[in-house]
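In what follows, a single structure is set out as structure tokens and then discussed.
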Amino acid sequence: MRPWYETKPRLLDEIKAQLKQEYPTLHVVVEDGSVHIRGSLPVLDAGRKHELDRFAIDIGLPADFPRTPPTVRETGGRIPQTADRHIYTDGTACLYARPEAGRFWSPTTTLVAFISGPVLRFFENQACFELTKQWLYGERPHGTPGILESYMEEIGTTDPEVVLRCLLHLTPSRIRGDLLCYCGSGKTLARCHQAKVTRLRVRIAPQEARRSYYEIKKWLDGQATAAE
Amino acid sequence: MTPNEFLYAVLKAQSLDSESDEVKAMQTEKDKVKALLHECFAECPIKIRYAGSWAKTTMIKESYDLDLTCYFNRDDDDAGGTLEDIYNRVREALQKQYAVDPKRSALRLSGKEGKAKGIYYHVDVIPGRFVDDEKDDAYLFQAEGEKKRLKTNVQKHIDHVKDSGLTDVIRLLKLWKHRTGLTELKTFILELLTIEVLQRSDAAKLDEALVKFWKKMKDEGADFVIKDPANPEGSDLSGIFNESVRSMLVSSASDALARAASGDWEGIFGPVSEPSKDERVAAFATLSSKSPDAPKPWCDVR
């Protein structure tokens with residue numbers, strides 16, 4: 001199979017042009033059949049005048065780019081490769097909880113928007129943590145509790161059972177408005193939170209909803225058993 | 001402040017003296033590495049020497065590491081018959097106490113367990129074998145690229161840089177390389193380019209020397225010829241100084257020239273005086289309020 005940058009050369013040219021304009025210290029490197037964006041990423045203050053920090057990074061664009069989101073690595077050896085700093089042992093940064101991927105990446109997201117969004121926020125967070133031992137934007141708990149937390153925020157609830165019921169609406173490929181709403185109002189979804197579920201559907205595919213549902217269910221069951 | 005005064009202030013801010021915390025930590029780790037290697041290769045008379053920016057006096061605070069060569073005798077097969085064997089044996093020895101990230105010829109060390117897990121120690125070990133009994137030239141294994149063997153001479157490289165009289169310009173260009181994100185451009189290549197362009201130059205001031213370098217790279221970087229002083233006819237540098245690297249260099253040199261022409265030296269090298277901790281904390285607090293929907297980092301570990 002020919003790599004994407006050969007089948008879509010204009011996309012690669014667009015990325016190069018956008019980077020030169022917005023992030024001139026990041027460079028496109030084609031290496032061993034894959035594309036990397038390498039260089040240094042400045043962390044600027046809110047007025048974008050003063051540099052607060054700078055990180056050496058590598059953004060890898062996968063073979064099926066732009067379908068799958070890029071991977072991000074810090075390459076300067078500054079951030080320890082540990083889960084507590086949200087870096088896997090292979091050096092990959094974990095920018096957000098898995099089910100949130102749809103919030104920050106879609107095949108129409110430009111690379112510059114991705115860098116200016118979750119990538120920059122991640123390194124602002126890391127720079128602040130190095131300075132103060134506090135996460136600027138917070139952090140998620142590892143594993144399933146972090147996934148559950150992300151859904152709670154997204155749905156606007158503190159009740160894990162509400163999250164599970166909401167995920168059940170998202171597991172089929174078609175949203176059914178005749179089912180009872182996840183919120184517990186007793187109304188049908190169509191007369192209650194269908195708009196919200198429809199918005200969530202754009203970002204959370206049925207497969208991810210199923211996977212999340214079973215992970216959270218298993219974790220909650222484990223918690224209940226441990227409490228007994 | 002004139003551009004020349006500004007650049008000297010940058011150099012001062014980038015200095016790492018032997019009493020600095022960074023250097024002390026590096027030296028402590030270096031002693032541990034030496035002890036570990038001597039213990040693991042007690043039967044082999046290995047020679048461990050400083051190489052890289054520490055030996056060349058071109059270290060900068062923004063991006064530094066201590067390179068240690070670990071060379072075996074020409075006829076010593078205890079560590080392995082081939083260069084790759086030596087590379088792997090040294091890696092295995094270091095893995096007893098460190099997490100080892102193998103690079104092209106070097107082995108990068110970071111913490112393995114406990115508090116230091118994943119923390120980079122700023123120490124790299126370069127295994128190799130002396131070419132002959134003179135113990136000057138050595139062969140290194142190359143884990144990447146087509147050629148698996150590289151002939152080199154650390155002392156020649158060190159002398160080439162130190163005797164050039166250009167260590168200040170080299171330090172500034174290393175800082176520029178780092179800030180410009182020219183990670184693909186090897187420091188070794190940058191040093192050779194700097195010396196080749198400026199060794200017979202009449203540029204008296206640092207800013208003049210830098211402008212001359214960037215202009216040369218902008219105009220001729222695409223096909224500028226350099227030779228490895230340790231192996232002028234043998235080392236093929238085209239693999240590490242390829243078309244892609246040259247293109248990035250030309251583009252970045254053009255940007256730097258434009259900034260220098262408009263007097264924006266701070267845009268190239270950053271400010272000399274860094275904001276205080278309180279100022280940075282305040283700046284981060286402002287950032288936080290501007291991005292209420294920022295993602296929170298996570299990790300898929302159970």
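Hydrogens, waters and symmetry mates play no part in the numbers below; they use all other heavy atoms, side chains included. None of the values given here were measured: they were computed from a predicted structure. Every chain is numbered from 1 and lettered A, B, ... according to where its sequence line falls, protein lines coming before strand lines.
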Interface moiety of [X] toward chain B, non-hydrogen atoms closer than 4.5 Å:
X: A/Asp45; result: both
X: A/Ala93; result: neither
X: A/Arg78; result: neither
X: A/Glu31; result: side chain
X: A/Gln126; result: neither
X: A/Arg121; result: side chain
X: A/Arg54; result: side chain
X: A/Leu44; result: backbone
X: A/Ile79; result: backbone
X: A/Val43; result: side chain
X: A/Leu52; result: both
X: A/Leu120; result: neither
X: A/Pro141; result: backbone

Can a salt bridge be assigned to the pair [X] and [Y] using a cut-off of 4.0 Å between side-chain N and carboxylate O?
X: B/Lys148; Y: B/Glu84; value: no
X: B/Arg259; Y: B/Asp255; value: no
X: A/Glu51; Y: B/Arg179; value: yes
X: A/Arg85; Y: A/Glu74; value: no

Taking side chain as everything from C-beta outward and backbone as N, CA, C, O, which of these in [X] sits under 4.5 Å from a heavy atom of chain A? Side chain, backbone, both or neither.
X: B/Ser288; value: both
X: B/Lys277; value: both
X: B/Glu62; value: side chain
X: B/Ser63; value: neither
X: B/Ser252; value: side chain
X: B/Asp293; value: both

- Task: Decide whether B/Trp176 and B/Thr180 meet the rule of one side-chain donor and one side-chain acceptor closer than 3.5 Å.
- Result: yes

Check whether any side-chain heavy atom of [X] sits under 4.5 Å from a side-chain heavy atom of [Y], and report yes or no.
X: A/Tyr96; Y: B/Trp298; answer: no
X: B/Glu29; Y: B/Tyr98; answer: yes
X: A/Lys196; Y: A/Cys166; answer: no
X: A/Ile216; Y: A/Tyr151; answer: yes
X: A/His86; Y: A/Phe122; answer: yes
X: B/Met59; Y: B/Glu22; answer: no

Among [options], single out the residue with the greatest number of heavy-atom pairs under 4.5 Å to chain B.
options: A/Gly77, A/Pro145, A/Gly91, A/Ser150; answer: A/Gly77
options: A/Thr89, A/Ile57, A/Thr25; answer: A/Thr25
options: A/Gly39, A/Ala46, A/Gly146, A/Ala97; answer: A/Ala97
options: A/Glu100, A/Glu153, A/Gln134; answer: A/Glu153

- Task: Report the option among B/Asp65, B/Val245, B/Leu287, B/Thr183 that has the most heavy-atom pairs separated by less than 4.5 Å from atoms of chain A.
- Result: B/Leu287

- Message: Could you tell me if B/Arg246 sits above the aromatic ring of B/Phe241, with its cationic atom closer than 6.0 Å to the ring centre and no more than 45 degrees from the axis?
- Response: yes

- Message: Taking side-chain contact (heavy atoms from CB on, under 4.5 Å) as the definition, give me every residue that meets it alongside B/Glu274, ordered by chain and number, with sequence neighbours left out.
- Response: none

- Under 3.5 Å, side chain of B/Lys177 to main-chain N/O of B/Leu190, donor-acceptor pair present? no

